[in-house]
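Here is the naming used below: chain letters follow the sequence lines, and residue numbers restart at 1 for every chain. Just so it is clear, the structure is predicted and the values come from calculations on it, not from any experiment.
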Number of protein chains: 2
Amino acid sequence: MASSIHDLARHLNISIGTVSRALNGRADVNADTRQRVLDAAKELNYSPNQSGRSLRQGATHSIAFMLQPHPGDQQYGEPFFIPFLIGLQGRLAESGLDLTVVMGAPGDYQQERLRRVVETRRADAVLLAWTRREDERIDYLTEVGFPFATLGRSRTGGKAYPSLDLDFEKAGADAVDRLVARGHRRIAAIRPSLNLNFGYLFLDGYRKALKRHGIEVDPALIADGFINEAGGYQVTPRVMLAKNKPTAIIFNNDAMALGGCKALAEMGIRPGQDIAVTVIVDTPLCRYFSPALTAFRPALEPMGRRLAEMLLASLPAFAGPEGPRIIREVWPLELIARDSD
Amino acid sequence: MASSIHDLARHLNISIGTVSRALNGRADVNADTRQRVLDAAKELNYSPNQSGRSLRQGATHSIAFMLQPHPGDQQYGEPFFIPFLIGLQGRLAESGLDLTVVMGAPGDYQQERLRRVVETRRADAVLLAWTRREDERIDYLTEVGFPFATLGRSRTGGKAYPSLDLDFEKAGADAVDRLVARGHRRIAAIRPSLNLNFGYLFLDGYRKALKRHGIEVDPALIADGFINEAGGYQVTPRVMLAKNKPTAIIFNNDAMALGGCKALAEMGIRPGQDIAVTVIVDTPLCRYFSPALTAFRPALEPMGRRLAEMLLASLPAFAGPEGPRIIREVWPLELIARDSD
DNA sequence: CGTTTTTCCGTAAACGTTTACGAGAACACA
DNA sequence: TGTGTTCTCGTAAACGTTTACGGAAAAACG
């Protein structure tokens with residue numbers, strides 16, 4: 001069943017070294033013998049043992065994605081990541097790499113899990129998501145010199161690593177622009193607490209756009225909440241109690257928006273009629289909610305592909321002839337106008 | 001950085017054999033030296049190289065989950081699997097196993113990918129989902145004797161492997177019972193084409209329940225469609241054109257239900273008012289759709305845990321003292337009554 | 001004190017690869 | 001013929017573990 005390189009060698013009456021070289025396409029092997037080796041490999045159904053390769057080469061040929069479900073609605077998780085993972089895996093597979101999804105318990109900070117992956121050398125590189133403003137995972141990985149890339153940026157300073165992020169700043173500004181154009185002047189912003197970086201970017205865009213329109217930023221219209229439905233439910237009433245009630249709310253997260261709409265409904269306020277609601281990262285939920293939520297949509301699958309590519313470009317073993325490069329990109333979010341604003 | 005067992009041995013002036021035995025908790029090592037080894041391991045930040053262990057032991061200490069996104073709505077994928085994966089990974093981690101998610105391209109039958117995983121010995125066992133009525137993956141794995149378990153059953157006969165499935169038959173029957181109790185007699189059933197096994201189970205339950213109520217099964221009220229939104233959209237009008245129009249529809253899939261509701265809306269038929277709609281596998285979309293869809297909900301995270309446990313119980317290396325056991329379970333779906341019926 | 005048992009540890013092989021090194025054969029060239 | 005070059009391949013070490021085996025020292029026992 002498990003045929004090894006020795007079996008091939010014995011079968012062909014040549015040395016294992018030659019077999020290996022033939023299989024790996026090295027130059028110093030006769031075209032004839034190479035063909036014979038290849039044929040025999042097919043015949044004996046040979047495929048290399050990964051553990052053996054890994055041990056010898058010091059590379060595992062796999063990339064770890066640290067998937068971190070958020071605390072909260074346990075029943076269903078992050079639909080966000082599936083198409084992203086599809087793109088990711090597709091590109092990695094093209095380079096012969098596996099994708100290992102390391103899933104932490106919800107709410108765990110995954111620092112420990114990350115250590116384990118790195119120290120047991122289970123992956124050649126890791127991919128981080130949900131980057132925080134100051135991110136200790138990034139500190140750790142740069143300190144120990146382990147290759148990685150991130151979905152999302154971080155302020156964690158001066159370090160060179162590939163990252164792909166969405167332009168939350170522009171989305172925040174765009175959302176404001178649109179609402180202002182529709183006559184709104186009192187626009188609330190609700191974003192996740194913790195120090196997830198995209199919450200800051202979003203708020204920056206929001207603030208700048210307001211100023212650009214000559215609208216004063218009212219702190220009473222800005223609130224942080226736990227990044228799930230309960231968080232949105234809990235925090236939304238707070239901005240509705242501002243002295244100057246908002247006529248529009250921008251949610252920085254779909255789950256929070258759903259919780260917020262629930263709170264609004266209980267207050268007798270109808271999104272799309274009594275108040276305008278915009279959400280920054282679109283998910284299928286936004287589309288099917290009633291009213292359908294106007295939202296900003298990322299191109300998830302292409303992002304997965306691209307981030308894989310950027311990671312590969314940063315790895316000496318996979319970089320092109322010009323050597324490894326650190327690429328950082330910020331991708332736009334596309335406005336999907338629906339019925340809630 | 002990467003301290004090996006040799007480093008420990010040199011540091012303590014003992015042999016690597018003793019170090020290994022101490023680390024692995026074998027009996028034949030002095031309590032003193034064991035403690036010294038453990039201390040040194042902590043001090044030198046040692047953790048074993050997985051490739052080395054794998055090679056020697058012939059085990060990778062990781063389980064592969066073959067995640068197969070369905071063709072169709074690429075924008076967002078299977079929210080279904082995330083909580084399932086959380087439970088899975090949680091249990092596997094407790095036994096020192098990693099979870100490798102092997103993601104195929106949508107629509108690809110993953111037979112090839114499966115071969116690769118098996119032949120390169122990248123995992124000690126695999127987990128299959130979306131089981132089909134006749135499933136060639138199961139044939140292949142049993143033939144080569146590779147350990148596996150499935151989420152879902154299959155008719156593929158006579159083989160012994162752990163499986164955990166949902167009771168689609170009962171859910172189908174329950175759905176009918178409920179609708180009949182509410183006065184419906186003409187109940188349509190829409191399920192996925194392909195030969196996904198749960199579609200058959202569902203239909204069995206549906207048929208049996210109808211007969212039990214003395215209602216004749218009308219073939220014009222049963223339709224197959226592609227298992228995504230477009231499929232539901234396309235196929236739903238067909239049952240609505242039956243001579244005896246249905247007053248209720250049971251969808252066997254959430255995405256198809258959403259597409260179906262879209263089609264209904266375009267025909268001026270309002271779910272929850274003009275027609276009753278029930279969906280068999282609940283997702284967050286059902287909850288947020290308007291009207292909120294009555295649906296049958298699985299306990300995804302516990303299912304993940306349990307399937308991991310069942311898989312482990314079937315593996316000699318992890319089974320308890322009574323030896324490996326093949327466990328098969330069928331879990332109930334919980335009815336979540338909402339507004340659509 | 002002699003013999004047997006137990007405790008503990010070192011030695012070395014093995015897992016399946018890749019690769020540096022060197023050597024033989026064939027060939028080219030003067 | 002002698003010398004140098006090019007092709008091709010075999011040898012053997014190495015990656016980091018685990019583990020079967022045997023042996024020395026200590027303990028137990030008569």
Distances for protein N or O near nucleotides 23-26 of chain C N or O, under 3.5 Å:
none

Can you tabulate the close N/O pairs, meaning under 3.5 Å, that link protein atoms to atoms of nucleotides 14-16 of chain C?
{"from": "C:dA14", "atom 1": "N3", "to": "B:Arg56", "atom 2": "NH1", "distance (Å)": "3.3"}
{"from": "C:dC15", "atom 1": "O2", "to": "B:Arg56", "atom 2": "N", "distance (Å)": "3.2"}
{"from": "C:dG16", "atom 1": "N2", "to": "A:Gly52", "atom 2": "O", "distance (Å)": "3.3"}

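- Using a 4.0 Å heavy-atom distance criterion, B:Ile14 is classed as a sugar-phosphate-only contact.
- Not one N or O on the side chain of A:Asp124 forms a donor-acceptor pair closer than 3.5 Å with the backbone of A:Ala59.
- Residues of residues 19-34 of chain B having a heavy atom closer than 4.0 Å to DNA chain C, listed by number: B:Arg21, B:Asp28, B:Val29, B:Asn30, B:Thr33.
- Comparing the end axes of the helix from C:dC1-D:dG30 to C:dA30-D:dT1, each fitted to five base pairs by superposing C1' atoms of four pairs onto the next four, gives an inter-axis angle of 50° (nearest 10 degrees).
- Each of B:Pro147, B:Pro162, B:Ser95 was evaluated against B:Leu315; a single residue qualifies, B:Pro147, per the side chain to side chain contact (heavy atoms under 4.5 Å, CB included) test.
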* Verdict with reasoning, A:Leu127 to A:Ile63, per side-chain contact (heavy atoms from CB on, under 4.5 Å) -> CA-CA 7 Å; A:Leu127 248 17; A:Ile63 305 294; 4.0 Å; yes
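- The salt bridge (charged side-chain N to carboxylate O under 4.0 Å, His left out) test with A:Asp139 is passed by exactly one of A:Arg155, A:Arg132, A:Lys159: A:Lys159.
- Partners of B:Arg305 by salt bridge (Lys or Arg N to Asp or Glu O under 4.0 Å), not counting sequence neighbours, listed by chain and number: B:Glu94.
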* A:Thr33 and A:Leu12: side-chain contact (heavy atoms from CB on, under 4.5 Å), yes or no, with the steps? -> CA-CA 9 Å; A:Thr33 46; A:Leu12 293 171; over 6 Å; no
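- For B:Ser15, whose side chain is taken as the heavy atoms from C-beta onward, the closest listed nucleotide among C:dG10, D:dT18, C:dT17 is C:dG10.
- Looking at A:Arg121, its side chain does come within 3.5 Å of a backbone N or O of A:Glu119 through a donor-acceptor pair.
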* Could you walk me through whether B:Asp7 and B:Arg10 pass salt bridge (Lys or Arg N to Asp or Glu O under 4.0 Å), step by step? => CA-CA 5 Å; B:Asp7 299 327; B:Arg10 208 173 317 121; 3.5 Å; yes
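- B:Thr120 places a side-chain N or O within donor-acceptor distance of the main-chain N or O of B:Arg116, the cut-off being under 3.5 Å.
- The 12-atom threshold is exceeded at CZ of B:Arg328, counting heavy atoms of other residues, nucleotides or ligands nearer than 6.0 Å.
- For C:dG10, one of the phosphate oxygens OP1 or OP2 lies less than 4.0 angstrom from a side-chain nitrogen or oxygen of B:Thr18.
- Counting only distance, with no hydrogens or angles, the side chain of B:Ser54 and the backbone of B:Gln50 share a donor-acceptor pair below 3.5 Å.
- Applying the salt bridge (charged side-chain N to carboxylate O under 4.0 Å, His left out) test to residues at least two apart or on different chains, the pairs with a partner in residues 141-154 of chain B are B:Arg153-B:Asp165.
- Base contact: A:Gly17 has a heavy atom under 4.0 Å from a base atom.
- Counting all heavy atoms, side chain and backbone alike, A:Phe146 lies closest to A:Ala125 at CE2-CA, 3.6 Å.
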